There are 2 protein chains.
Amino acid sequence: MHESGNGGRRSETLGDEVFGHILDLIYNCELEPGMVVNESALAGRFGVSRGPIREAIRRLQGIQLVSREPFMRARVVSLSKQAIAELFQMREALEGYACRLAATQMPAADIDGLIADLEAARGGLLPSGERFDFHERVVRASGNSRIIDTLCGDLYHLLRIYRRISGAVPERHELAFTEHWQISRAIKARDATLAESLMRSHVERAGRHVLEQVPEAPAAGADGEEKKAS
Amino acid sequence: MHESGNGGRRSETLGDEVFGHILDLIYNCELEPGMVVNESALAGRFGVSRGPIREAIRRLQGIQLVSREPFMRARVVSLSKQAIAELFQMREALEGYACRLAATQMPAADIDGLIADLEAARGGLLPSGERFDFHERVVRASGNSRIIDTLCGDLYHLLRIYRRISGAVPERHELAFTEHWQISRAIKARDATLAESLMRSHVERAGRHVLEQVPEAPAAGADGEEKKAS
DNA sequence: AGCCTTATAATTGTCAACACTTTTGGGGAT
DNA sequence: ATCCCCAAAAGTGTTGACAATTATAAGGCT
């Protein structure tokens with residue numbers, strides 16, 4: 001995690017630290033979508049001035065995790081169904097292409113390692129603490145650092161908020177494994193077009209699944225959601 | 001342009017204004033790639049405090065237009081050849097997908113309008129002042145606001161720096177027109193797969209062309225480039 | 001009662017000063 | 001002469017106060 005424990009001896013900026021803290025708050029749902037992000041309140045809470053808080057919030061606004069409008073109070077974004085759909089479309093485009101690149105460039109040894117880890121993670125566990133993220137592995141294998149940063153950075157944060165919704169559906173895990181396995185085979189066969197196509201289908205399916213789970217009224221903050229951040 | 005003229009009566013934040021100003025400085029090559037972006041100097045130059053300058057710089061860092069490292073001085077990014085290649089790859093993925101979406105969703109009337117403008121822009125001129133940007137038109141027709149923002153925002157700024165290099169090669173214009181026209185026909189025929197494929201090829205070709213024009217030593221600032229900003 | 005106007009409070013934007021880090025330049029030892 | 005160490009300078013990070021703006025609540029009018 002983002003070093004919530006404020007050890008405070010590293011050469012990291014306060015703004016960077018606060019950025020991670022607020023990110024954690026959002027992940028923990030202490031800052032739910034739609035809630036206002038109050039600079040002074042957070043400053044008091046973290047025991048720092050408003051300056052670093054502002055920088056952190058601006059960074060969050062940069063990756064579209066909180067809204068931005070000059071003198072209006074910032075709010076954690078509350079994605080509408082359409083926004084989620086668009087998010088998955090973008091992921092489909094980028095992750096599909098990354099998968100294509102991986103199919104042509106990934107070293108054979110890495111492919112075998114990926115498949116091995118995939119099957120190991122299926123049975124039950126990997127070496128303790130290690131969490132297996134198939135998508136991240138594939139994306140990083142693309143070798144395109146700009147695509148990697150976009151997918152594993154900006155988009156990942158946004159998706160993570162809505163991941164919890166569809167997280168605990170066991171039947172989906174088996175399907176996901178099958179699809180991951182097929183993608184791996186396509187990569188191993190160096191069939192770039194098939195690999196991209198499979199990854200697109202897989203992401204599109206995951207997106208549809210998330211959209212089914214997501215509740216009705218998504219954005220537009222005119223309802224009772226008027227809570228403030230402590 | 002970003003209201004360089006500092007009229008200063010709008011309800012825009014100083015940080016927003018400075019952001020546009022610095023962007024213009026980068027476009028005008030007053031801040032060339034590799035040069036340091038000095039907060040105090042810019043603050044004095046624009047007649048504001050360092051606060052708004054910091055915000056603007058942080059925003060530029062967010063879209064990767066200037067480097068970022070805690071206490072190190074910020075520098076305008078100087079893209080290596082590989083970074084440019086990665087940029088075009090990402091554009092290939094995103095713009096190809098946007099083209100696919102446009103092929104299925106774009107209203108027929110808009111398609112005809114696009115083709116008309118394309119042919120009008122070829123002959124010589126459009127209504128005065130109107131500049132025709134085929135790619136932007138297609139991207140916006142995708143209807144996916146996240147992809148639109150990424151392509152027309154972040155990536156556009158980066159590409160613009162290196163656009164000047166390959167801008168004035170007349171023979172390329174005719175080829176570009178042909179490719180644009182083919183893409184338009186595919187969209188009109190509602191052939192999403194073909195439209196995406198053509199757009200990918202087109203972007204890939206453009207990328208190769210830019211890479212040919214770009215000089216040898218790109219990044220890594222160990223050479224004489226040690227200029228400072230005013 | 002309901003709605004518009006007005007005063008108050010809460011919040012964000014801006015500034016100038018201070019603290020910390022890196023860079024730069026000079027002096028002494030090997 | 002080269003290298004290392006140290007002090008001064010430049011630059012970034014942080015802070016608290018002040019200004020500008022928006023949200024909130026009270027009061028008067030229809």
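Predicted model, so just to flag it, every value in this text is computed and none were measured. Numbers restart at 1 for each chain; the letters A, B, ... are given by sequence-line order, proteins then strands. All values below were derived from every heavy atom in this structure, side-chain atoms included, with hydrogens, water molecules and symmetry-related copies excluded.
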Quiz item: Between B/Glu17 (CD) and D/dA20 (P), how many Å, whole number?
Solution: 16 Å
Quiz item: Partners of A/Phe134 by ring-ring contact (aromatic ring centres under 6.0 Å, His included), sequence neighbours excluded?
Solution: A/His180
Quiz item: Is A/Arg137 close enough and on-axis enough to A/Phe132, meaning under 6.0 Å and within 45°, for cation-pi?
Solution: no
Atom pairs, N/O to N/O, protein against nucleotides 14-17 of chain C, distance under 3.5 Å?
unit_1: C/dT14; atom_1: OP1; unit_2: B/Leu14; atom_2: N; d: 2.4
unit_1: C/dC15; atom_1: OP2; unit_2: B/Ser49; atom_2: N; d: 2.9

Quiz prompt | B/Arg75 vs D/dT12: side-chain N/O to OP1/OP2 distance below 4.0 Å | solution = no
Practice problem: Please identify each residue that fulfils side-chain hydrogen bond (donor to acceptor under 3.5 Å, both in side chains) with A/Ser145, with sequence neighbours left out. | Solution: B/Glu86
Self-check item: Protein-nucleotide distance (B/Arg68, atom CZ; C/dT22, atom P), rounded to Å
Solution: 13 Å
Quiz item: Nearest-Å distance, CD1 (A/Ile53) to C1' (D/dG13)?
Solution: 14 Å
Exercise. Just jot down the side-chain hydrogen bond (donor to acceptor under 3.5 Å, both in side chains) partners of B/Glu204, sequence neighbours excluded, or say none.
Key: B/Arg208
Practice problem: Just jot down the salt bridge (Lys or Arg N to Asp or Glu O under 4.0 Å) partners of A/Glu39, sequence neighbours excluded, or say none. | Solution: A/Arg50, A/Arg54
Exercise. Report the residues that fulfil side-chain contact (heavy atoms from CB on, under 4.5 Å) with B/Gln64, sequence neighbours left out, ordered by chain and then residue number.
Key: A/Arg146, A/Asp149
Quiz item: Roughly how bent is the helix from C/dA1-D/dT30 to C/dT30-D/dA1 end to end, in steps of 10 degrees, with each end axis from five pairs?
Solution: 10°
Quiz item: Starting at the 5' end of DNA chain D, which residue's closest nucleotide do you reach first, A/Asp16 or A/Met72?
Solution: A/Asp16
Practice problem: Can you sort out the partners of A/Glu136 under side-chain hydrogen bond (donor to acceptor under 3.5 Å, both in side chains), two or more places apart, ordered by chain and number? | Solution: A/Arg140
Quiz prompt | Listed partners of A/Ala83 passing side-chain contact (heavy atoms from CB on, under 4.5 Å), at least two apart | solution = A/Leu79, A/Ser80
Practice problem: Specify the separation, in whole Å, of atom CZ of B/Arg73 and atom P of C/dT22. | Solution: 13 Å
Between the protein and nucleotides 7-9 of chain D, list the N/O to N/O atom pairs that are separated by less than 3.5 angstrom.
none

Quiz item: Got a salt bridge between B/Arg45 and B/Glu30, using NZ or NE/NH1/NH2 to carboxylate O under 4.0 Å?
Solution: yes
Self-check item: Sequence-distant partners of B/Asp16, salt bridge (Lys or Arg N to Asp or Glu O under 4.0 Å), two or more places apart
Solution: A/Arg68, B/Arg59
Quiz item: Got a sec, which pairs hit salt bridge (charged side-chain N to carboxylate O under 4.0 Å, His left out) with one end in residues 94-107 of chain B, sequence neighbours left out?
Solution: B/Arg91-B/Glu95, B/Arg100-B/Glu196
Self-check item: Nearest to side-chain heavy atoms of B/Phe71, which nucleotide of C/dG13, D/dA23, D/dT12
Solution: D/dT12
Quiz item: Quick one: A/Glu39 CD to D/dT14 C1', roughly how many Å, whole number?
Solution: 15 Å
